[in-house]
Participant: 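There's a structure below that I have some questions on.
All figures in this text were calculated on a predicted structure; none of them were measured in a lab. First the proteins, then the strands, lettered A, B, ... as listed; each starts at 1. Hydrogens, waters and symmetry mates play no part in the numbers below; they use all other heavy atoms, side chains included.
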Amino acid sequence: MREPFDLTTLIEPLLNWFKDHARVLPWRNEPTPYRVWVSEIMLQQTRVEAVKPYFDRFLKELPDVAALSDCPEEKLLKLWEGLGYYNRVRNMQIAAQTVMENYHGELPADYEALTKLKGIGHYTAGAIASIAFGIPVPAVDGNVLRVISRVTEDDADIMKASVRTAMEKDLLEIMPENRAGAFNQALMELGATVCLPNGAPLCEACPWKEVCRAQKSGRWRELPVKSKAKARRIEDRTVLVIKAEDKVLLHKRANKGLLAGLYEFPNVEGHLKEEEVITYLKKMGLSPIRLKKLEDSRHIFSHIEWHMTGYAVQIDETEQEYQNMLFVDVKETEEQYPIPAAFSRYTGYMNIRLGNDRYKEE
DNA sequence: AACGCGGGGGA
DNA sequence: TCCCCAGCGTT
């Protein structure tokens with residue numbers, strides 16, 4: 001067994017370092033429970049730089065729990081468009097409704113109560129409890145797992161839930177009573193700015209360089225131990241930008257599963273040839289006039305890789321409605337409908353006209 | 001415990 | 001290419 005590490009020795013150096021090195025972030029001024037909550041949900045599996053442009057806009061549109069609980073789904077998804085993991089914002093709205101009903105619109109200052117809200121797990125409950133309410137509970141995210149694994153030279157596989165639970169327990173015992181929020185943020189800040197992943201830590205700048213066991217042994221490159229994720233599967237798809245006059249056909253995705261509830265260009269599995277596209281369109285009851293092959297594109301999700309090809313299609317004017325499909329004014333499409341990034345390579349083709357004789361750009 | 005769920009940036 | 005990211009809900 002390894003020699004025990006006294007985590008309390010880490011607190012003061014870390015807090016002193018954080019005083020001088022805390023980044024200025026939008027959600028750090030005025031850390032109200034609601035602002036902390038929104039920021040923490042946005043930051044789940046998402047880098048600070050990616051969140052920045054979304055945070056202020058979201059707070060401006062939905063300044064409090066009541067506004068969030070009442071927001072129409074489409075506006076909600078539009079505010080989240082491009083951030084990914086769209087269930088985060090749906091769950092946050094459900095939680096907001098719970099907070100309105102059970103807590104008079106104020107987040108509960110209680111760790112266990114927070115974890116019962118939709119979308120708030122151990123980490124996020126700890127972050128809100130400590131940062132917004134000063135409650136001395138840990139907030140163990142990927143950064144914390146990494147910096148603690150290294151400083152204590154712990155080889156446990158951080159992918160295992162049991163390892164995360166153990167670290168929460170260890171940290172709970174040493175939480176500084178009056179600096180819980182700063183301590184948790186400092187741990188994460190250290191991971192994000194100094195104790196970088198992939199064996200590239202800036203140890204010279206680290207407040208723990210004198211006590212870090214991985215630094216001392218030179219094993220920092222091997223830590224943390226993390227078992228590999230499953231390989232992605234590849235999916236071939238054909239995307240159809242179907243135009244009738246100034247309208248384009250959009251499809252609303254199912255309410256469960258990948259990109260739930262978002263809008264997309266109709267697309268089918270496989271790489272279809274021109275004749276197959278025409279057959280498919282006719283089966284839908286559409287009359288294609290012109291077809292133009294579009295370039296290939298790929299989009300990588302966490303677990304799937306789409307290899308896409310596309311066609312722009314000009315069809316006869318139609319008033320017909322299809323299953324979960326609607327014709328939308330091209331001008332309104334990108335303004336009003338949340339469309340995931342996977343289709344960004346094809347949105348530009350909405351504005352292109354398929355002329356009578358040949359394909360030309362406007 | 002395993003899996004599904006987005007998107008982007010850096011090495 | 002691969003890895004990582006202020007994770008969580010479902011099964």
Participant: Base, sugar-phosphate or nothing for A:Lys160? Non-hydrogen atoms, less than 4.0 Å.
Facilitator: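 Answer is nothing: A:Lys160 stays at 4.0 Å or more from every strand.
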Participant: Could you work out the separation of B:dG7 and C:dT10 based on their C1' atoms and round it to a whole Å?
Facilitator: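 It comes out at 22 Å once rounded to the nearest Å.
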Participant: So what does A:Val48 hit on the nucleic acid, given a heavy-atom distance under 4.0 Å: a base, only sugar-phosphate, or nothing?
Facilitator: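 Contact class for A:Val48: base.
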Participant: Are A:Asp246 and A:Lys331 ion-paired here, with the side-chain N under 4.0 Å from a carboxylate O?
Facilitator: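 So A:Asp246 does not pair with A:Lys331 through a salt bridge.
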Participant: Of A:Thr115 and A:Gly191, whose nearest nucleotide on DNA chain C comes first from the 5' end?
Facilitator: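 It is A:Gly191, whose closest nucleotide lies nearer the 5' terminus.
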Participant: Taking C-beta and beyond as the side chain, do A:Leu281 and A:Tyr311 meet within less than 4.5 Å on heavy atoms?
Facilitator: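 A side-chain contact under 4.5 Å is absent here.
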Participant: Rounded to whole angstrom units, what separation is found between the NZ atom of A:Lys52 and the P atom of C:dA6?
Facilitator: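 Whole-Å distance recorded here is 12 Å.
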Participant: Any salt bridge linking A:Lys209 with A:Glu204? Criterion: basic side-chain nitrogen under 4.0 Å from a carboxylate oxygen.
Facilitator: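 A salt bridge links A:Lys209 with A:Glu204.
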Participant: In terms of the angle between their ring planes, are A:Trp37 and A:Tyr34 parallel, tilted or perpendicular, with boundaries placed at 30° and 60°?
Facilitator: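 Perpendicular, since the angle between the ring planes exceeds 60°.
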Participant: For the side chain of A:Asn91, starting at C-beta, report the closest nucleotide among C:dG7, C:dC3, C:dG9.
Facilitator: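 Output: C:dG9.
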Participant: Whole-Å distance between B:dG10 P and A:Leu196 CG?
Facilitator: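 Value for this atom pair: 12 Å.
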Participant: Counting only side-chain heavy atoms from C-beta out, which of C:dA6, C:dC5, C:dG9 sits nearest to A:Lys226?
Facilitator: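 For A:Lys226, the side-chain atoms sit closest to C:dC5.
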Participant: How long is the line joining CG of A:Asn143 and P of C:dC3, in whole Å?
Facilitator: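 Rounding to the nearest Å, CG of A:Asn143 and P of C:dC3 are 18 Å apart.
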Participant: Looking at A:Lys256, does any N or O in its side chain come under 4.0 Å of the phosphate oxygens OP1/OP2 on B:dG4?
Facilitator: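 False: A:Lys256 side-chain N/O out of range (4.0 Å or more) of B:dG4 OP1/OP2.
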Participant: CG of A:Asn198 versus P of C:dC5: gap in Å, rounded?
Facilitator: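 For the pair A:Asn198 CG and C:dC5 P, the rounded distance is 8 Å.
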Participant: How close or far is atom P of C:dC8 from atom CE of A:Met42, stated in whole angstroms?
Facilitator: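 My rounded result for the distance is 16 Å.
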Participant: What nucleotide among B:dA1, C:dC5, C:dA6 has an atom nearest to a side-chain atom of A:Ala161?
Facilitator: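 Minimum distance to the A:Ala161 side chain belongs to B:dA1.
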Participant: Using atom P of each nucleotide, how far apart are C:dA6 and B:dA11 to the nearest Å?
Facilitator: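 Going atom to atom, P in each nucleotide, I get 15 Å.
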Participant: Any donor-acceptor pair under 3.5 Å linking the side-chain atoms of A:Gln44 with those of A:Tyr123?
Facilitator: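 No, A:Gln44 and A:Tyr123 have no side-chain donor paired with an acceptor closer than 3.5 Å.
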Participant: Starting from P on C:dC5, measure out to CE on A:Met159 and report it in whole angstrom.
Facilitator: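 Atom-to-atom, A:Met159 to C:dC5, this comes out as 10 Å.
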Participant: Let me know the distance between CD of A:Glu49 and C1' of C:dC4, rounded to the nearest Å.
Facilitator: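 Computing the A:Glu49:CD to C:dC4:C1' distance gives 15 Å.
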Participant: Can you check the distance between B:dG6 and C:dC5, where both ends of the measurement are the C1' atom (answer in whole Å)?
Facilitator: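 Straight-line distance between the two C1' atoms is 12 Å.
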Participant: Would you indicate whether the side-chain heavy atoms of A:Met167 and A:Ser149 approach each other to under 4.5 Å?
Facilitator: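 They are in side-chain contact.
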Participant: Would you classify A:Ser39 as touching base, sugar-phosphate or nothing, given that sugar-phosphate means primed atoms plus P, OP1 and OP2, and contacts are heavy atoms under 4.0 Å?
Facilitator: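 The answer is nothing, as A:Ser39 stays clear of every strand by at least 4.0 Å.
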Participant: Mapping A:Glu40 and A:Gly119 onto DNA chain C by nearest heavy atom, which one lands closer to the 5' end?
Facilitator: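 On the 5' side of the pair lies A:Glu40.
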Participant: What is the nucleic acid contact for A:Arg233, judged by heavy atoms within less than 4.0 Å: base, sugar-phosphate only, or nothing?
Facilitator: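 Contact class for A:Arg233: none.
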Participant: Using the C1' atom as the reference point in each nucleotide, state the distance between C:dC8 and B:dG9 in Å, no decimals.
Facilitator: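 About 23 Å, rounded to a whole number of Å.
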Participant: Over 60° means perpendicular and under 30° means parallel, so classify the ring planes of A:Phe58 and A:Trp80, tilted if in between.
Facilitator: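 Ring orientation of A:Trp80 relative to A:Phe58: perpendicular.
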Participant: Salt bridge check, A:Glu153 against A:Lys216: does any charged N sit closer than 4.0 Å to a carboxylate O?
Facilitator: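 No, no charged N to carboxylate O under 4.0 Å.
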Participant: Just the atom pairs and distances: protein N or O near nucleotides 6-9 of chain B's N or O, under 3.5 Å.
Facilitator:
from  : atom 1 : to       : atom 2 : distance (Å)
B:dG6 : OP1    : A:Tyr86  : N      : 3.2
B:dG6 : OP2    : A:Leu259 : N      : 2.1
B:dG6 : O4'    : A:Tyr85  : N      : 2.7
B:dG6 : N7     : A:Tyr85  : OH     : 3.3
B:dG6 : O6     : A:Tyr85  : OH     : 3.1
B:dG6 : N1     : A:Gln45  : O      : 2.9
B:dG6 : N2     : A:Gln45  : O      : 3.2
B:dG6 : N2     : A:Thr46  : OG1    : 2.9
B:dG6 : N2     : A:Leu83  : O      : 3.3
B:dG7 : OP1    : A:Tyr86  : OH     : 2.6
B:dG7 : OP1    : A:Ala341 : N      : 3.1
B:dG7 : OP2    : A:His299 : NE2    : 3.2
B:dG8 : N2     : A:Arg47  : NE     : 3.1
B:dG8 : N2     : A:Arg47  : NH2    : 3.3

Participant: What is the distance, to the nearest angstrom, from the CE atom on A:Met92 to the C1' atom on C:dG7?
Facilitator: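 Taking CE of A:Met92 and C1' of C:dG7, I get 14 Å after rounding.
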Participant: For B:dC5 and A:Lys230 - does any side-chain N or O of the residue sit under 4.0 Å from the phosphate oxygens OP1/OP2?
Facilitator: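 So the side chain of A:Lys230 is outside the cut-off, no N or O lying under 4.0 Å from OP1 or OP2 of B:dC5.
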Participant: Does the structure show a Watson-Crick or G-U wobble partner for C:dG7, both distances under 3.5 Å? Name it, or say none.
Facilitator: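 WC or wobble partner is B:dC5.
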